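This report concerns only the one structure given below.
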Amino acid sequence: MTLASWNVNSLNVRLPQVQQWLQANPVDVLGMQELKLADERFPHAQLQESGYCATVLGQPTYNGVALLHRSPAHEVVRNLPGLDDPQSRVISASVDSEWGRLRVINAYFVNGQEPGSEKFAYKMHWLAHLKQFVQEQLQQYEHLVLMGDFNITAQDCDSWDPQGLRDTIHHTQQERQAFQDLLDMGLVDAFRCFEQPEKSFSWWDYRMLGFQKNRGLRIDYILVSTALRPRLQRCWIDRTPRKWPKPSDHAPVLVSLGDAKAQTAT
DNA sequence: ATGACCGTTCCCAACGGA
């Protein structure tokens with residue numbers, strides 16, 4: 001089975017591209033972030049035509065997340081329990097797979113704007129609650145995937161300019177420690193389980209020909225629990241839709257999970 | 001050094017994004 005994560009930067013604008021992409025990439029689950037639309041404006045009918053049911057936590061103008069799935073979703077949790085947050089950033093659900101239930105957490109991490117700002121403080125506070133939630137979910141679900149727009153570069157190699165951007169937003173030690181804390185709970189960055197091209201990124205600034213010059217960041221991730229690690233078959237970033245007219249600034253990241261006997265991950 | 005591009009909104013200029 002294949003899962004994907006994509007920050008679509010407005011589903012209103014991007015719906016045709018999402019549908020076109022799904023036709024070429026008939027994934028089993030797609031986690032989307034930055035829907036920028038309210039629940040009642042979610043295009044359920046159009047996505048149904050593409051073969052998907054949707055579990056949605058919308059919000060007008062900002063944020064908003066959804067899971068698209070071919071089979072029904074169960075045990076849906078919206079946002080982070082215990083955090084009173086008006087921003088719609090997390091949606092979690094269980095879907096059935098060949099080896100049993102798979103828990104999927106789809107999150108749009110806080111941007112944080114600038115270290116030291118109020119928004120950065122909110123980012124760290126939100127991350128603390130996310131970590132607690134993921135910890136609880138891991139105790140409950142062995143087969144777990146945490147996907148989304150993390151708004152963190154995990155390592156220097158995930159940034160086009162790690163020296164110039166040192167200690168700026170997405171590059172701080174605090175953010176990277178939070179990322180590491182998630183790994184330490186028993187998650188692995190699926191992308192780094194495979195050999196990857198140098199300078200693999202998932203986001204490029206619209207300005208300054210960022211994409212053409214490959215001045216990007218890898219801030220979109222799919223982490224899988226240790227129990228799923230032997231099932232990892234492939235993880236990649238699909239830059240194709242970033243080349244389309246009026247693209248999202250993010251590219252989708254995909255992961256294929258299969259038979260545990262296929263030990264291709266390094 | 002600065003801004004640059006995009007999507008959003010009852011202020012269509014100002015904000016948020018990363």
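Just so you know, these numbers come straight off a predicted model, no measurement behind them. Each chain gets a letter, A, B and so on, in the order its sequence line appears, and its residues count up from 1.
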Using the [atom1] atoms only, state how far [M] lies from [N], rounded to an integer number of Å.
| N | M | atom1 | result |
| --- | --- | --- | --- |
| B:dT2 | B:dC6 | P | 23 Å |
| B:dA18 | B:dG7 | C1' | 14 Å |
| B:dA1 | B:dC11 | C1' | 31 Å |
| B:dC10 | B:dA4 | C1' | 29 Å |

- [ ] State which residue, out of A:E175, A:R176, A:H170, fulfils the side chain to side chain donor-acceptor pair (under 3.5 Å) condition with A:T172.
- [x]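 Considering A:E175, A:R176, A:H170, a side chain to side chain donor-acceptor pair (under 3.5 Å) with A:T172 is found only for A:E175.
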Task: Identified side chain to side chain donor-acceptor pair (under 3.5 Å) partner of A:R103 from the options A:Q140, A:Q137, A:H143 - done: A:Q137
- [ ] For the side chain of A:N151, starting at C-beta, report the closest nucleotide among B:dT8, B:dA18, B:dC6.
- [x]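 Of B:dT8, B:dA18, B:dC6, B:dA18 is nearest to the side chain of A:N151.
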- [ ] Answer with base, sugar-phosphate or nothing: what part of the nucleic acid does A:D220 contact at a heavy-atom distance below 4.0 Å?
- [x]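 No contact.
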Open item on the list: Base, sugar-phosphate or nothing for A:R14? Non-hydrogen atoms, less than 4.0 Å.
Closed with: sugar-phosphate
Open item on the list: Under 6.0 Å between ring centres: does that hold for A:W21 and A:W6?
Closed with: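 Yes - the distance between ring centres of A:W21 and A:W6 falls below the 6.0 Å cut-off.
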TODO: Answer with yes or no whether the hydrophobic clustering places A:F191 together with A:I222; edges join I, L, V, M, F, W, Y residues whose side-chain heavy atoms lie under 4.5 Å apart.
DONE: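 A:F191 and A:I222: one cluster.
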TODO: Determine the interplanar angle of the A:F150 and A:F109 rings, folded into 0 to 90°, and report it as parallel if under 30°, tilted if 30 to 60°, perpendicular if over 60°.
DONE: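 The rings of A:F150 and A:F109 lie parallel, inter-plane angle below 30°.
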Task: Parallel, tilted or perpendicular: rings of A:H129 and A:H125 (30°, 60°) - done: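 Answer is perpendicular, since the angle exceeds 60°.
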- [ ] Return the 5'-most residue of the pair A:R41, A:I169 with respect to DNA chain B, ranking by each residue's nearest nucleotide.
- [x]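 The residue mapped nearer the 5' terminus is A:R41.
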Open item on the list: Does A:K213, at its NZ atom, have more than 12 non-hydrogen atoms belonging to other residues, nucleotides or ligands within less than 6.0 Å?
Closed with: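 Atom NZ in A:K213 is crowded, with more than 12 foreign heavy atoms closer than 6.0 Å.
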- [ ] If a protein heavy atom is under 4.0 Å from the base, mark B; if only from the sugar-phosphate, S; if neither, -; do that for nucleotides 11-16 of chain B going 5' to 3'.
- [x] -----S
Task: Secondary-structure notation, DNA chain B, from Watson-Crick and G-U pairs under 3.5 angstrom (| other strand) - done: ....(((((...))))).
To the nearest Å, how far apart are [X] [atom1] and [N] [atom2]?
| X | N | atom1 | atom2 | answer |
| --- | --- | --- | --- | --- |
| A:L209 | B:dC5 | CG | P | 9 Å |
| A:W204 | B:dA18 | CH2 | P | 14 Å |
| A:D161 | B:dA18 | CG | C1' | 14 Å |

TODO: Could you check A:R218 against A:D189 for salt bridge (charged side-chain N to carboxylate O under 4.0 Å, His left out), going step by step and ending with a plain yes or no?
DONE: CA-CA 12 Å; A:R218 190 173 74 99; A:D189 179 358; 2.7 Å; yes
Task: Given A:V255, A:L254, A:L3, A:L68, the one that forms side chain to side chain contact (heavy atoms under 4.5 Å, CB included) with A:V27 - done: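 Option passing the side chain to side chain contact (heavy atoms under 4.5 Å, CB included) with A:V27: A:L254.
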